[in-house]
Amino acid sequence: AEQIAGHLEDVCVRLAAGQPPPVAVKAGPGRLSANCWSGAFQRLRAALPPGTEAVAVAYADWERAGSARPEVILAAVAEAGGHSLLIDTFDKSGPGLFDAVGVEVIAAWVGQAERAGLRLALAGRLSAAEVVEAFRLGGGIIGVRTAVCTGGRHGLVDGQLVAKLAAAAQAHLVAPP
């Protein structure tokens, strides 16, 4: 928590005069138990500048991350008064979100987040079809990188891929149920 807050402070110092701080900072539980992560998340929230939200991260491949299960992190975020949770994959060379866990598991996390009043973001090597499925399941925010980059996750963002993905998502959002 202290390292993230320190890094954010450094970023804010480098911003041009008058620029607002980042809107959000994400923090995951990699290599932390649920208790250690919960304390670190609360310290991070307290250290952030006004207007910057702490977004908790839970990993679908929590075993690889050496962290608590997503449902444990989700409950801890709600208990700590958090507002947002990102469920992502820790191992970027491993399976994506939908391959790491099944649709049923993701749907259960979406339902748990809704009942807890949390905004939920879903990410983790999502294909265009999986982006549509993530929206269908109730993910309010969908994170992509590989699906819109030429040359993989470290490649360049491709405007045509962004437009194609946006069109697919838009078609889902306006299609009748």
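The model shown is predicted, which means the values in this text are computed figures rather than measured ones.
- Taking the side chain as every heavy atom from C-beta outward, L122 and I106 approach each other to under 4.5 Å.
- Counting all heavy atoms, side chain and backbone alike, A169 lies closest to V131 at CB-CG1, 4.5 Å.
- Within the structure, the side-chain hydrogen bond (donor to acceptor under 3.5 Å, both in side chains) test picks out the following pairs touching residues 154-164 (sequence neighbours left out): T150-D158.
- Applying the side-chain contact (heavy atoms from CB on, under 4.5 Å) rule to A108 yields no partners; only residues at least two apart in sequence or on another chain are considered.
- Linking Ile, Leu, Val, Met, Phe, Trp and Tyr whenever their side-chain heavy atoms come within less than 4.5 Å leaves V105 and W62 in two separate clusters.
- The hydrophobic cluster around V57 extends to V55, Y59, L86, F90, counting ILVMFWY residues whose side-chain heavy atoms fall within less than 4.5 Å of a member.
- Interatomic distance, L161 CG to L165 CG, rounded to the nearest 0.5 Å: 8.5 Å.
- L118 is linked by a side-chain contact (heavy atoms from CB on, under 4.5 Å) to L74, V77, A78, A113, A116, counting only residues two or more places apart in sequence or in another chain.
- Looking at I141 and L120, their side chains never come closer than 4.5 Å, going by heavy atoms from C-beta outward.
- Linking ILVMFWY side-chain heavy atoms closer than 4.5 Å, directly or via other members, places V72 and L32 in two distinct hydrophobic clusters.
- Atoms CG and CG, on L126 and D99 in that order, are 10.0 Å from each other to the nearest 0.5 Å.
- Residue pairs meeting the ring pair (Phe, Tyr, Trp, His ring centres under 6.0 Å) criterion with at least one member in residues 65-88: none, sequence neighbours excluded.
- The backbone N or O of F41 lies less than 3.5 Å from no partner atom in the side chain of R45, so there is not a single donor-acceptor pair.
- Taking both residues in full, the closest heavy atoms of L44 and A27 are given as CD2-CB, 3.5 Å, listed atom of the first, atom of the second, then distance.
- Remark: the backbone N or O of G152 is not paired with any side-chain donor or acceptor of T146 at under 3.5 angstrom.
- Within the structure, the side-chain hydrogen bond (donor to acceptor under 3.5 Å, both in side chains) test picks out the following pairs touching residues 106-118 (sequence neighbours left out): E71-W109.
- The two residues P95 and A100 come nearest to each other via the heavy atoms CB-N, 4.0 Å.
- Under the side chain to side chain donor-acceptor pair (under 3.5 Å) criterion, Q42 pairs with no residue, sequence neighbours left out.
- Residues P21 and P50 share a closest heavy-atom pair of CG-O, 4.0 Å.
- Considering every non-hydrogen atom in both G155 and C149, the closest pair reads O-SG, 3.9 Å.
- For residues 130-144, the pairs satisfying salt bridge (Lys or Arg N to Asp or Glu O under 4.0 Å) are E133-R136, with sequence neighbours left out.
- Other residues, nucleotides and ligands contribute only 12 or fewer heavy atoms inside 6.0 Å of the CD atom of E79.
- Annotation for L156: hydrophobic cluster partners, listed by chain and number, are none (ILVMFWY side-chain heavy atoms under 4.5 Å, direct or chained).
- Atom CG of L85 is separated from atom NZ of K26 by 12.0 Å, given to the nearest 0.5 angstrom.
- A search for side-chain contact (heavy atoms from CB on, under 4.5 Å) contacts involving A167 returns nothing, not counting sequence neighbours.
- Among residues at least two apart or in separate chains, side-chain hydrogen bond (donor to acceptor under 3.5 Å, both in side chains) pairs with a member in residues 84-96 are E53-S84, R64-D91, S84-R119, D88-K92, D91-S93.
- In this structure, OG in S127 is found 10.5 Å from CG in L97, a value given to the nearest 0.5 Å.
- V132 and V103 are assigned to two separate hydrophobic clusters, defined by single-linkage of ILVMFWY side chains at heavy-atom distances under 4.5 Å.
- Across all non-hydrogen atoms, the minimal contact from I142 to A134 is CD1-CB, 3.4 Å.
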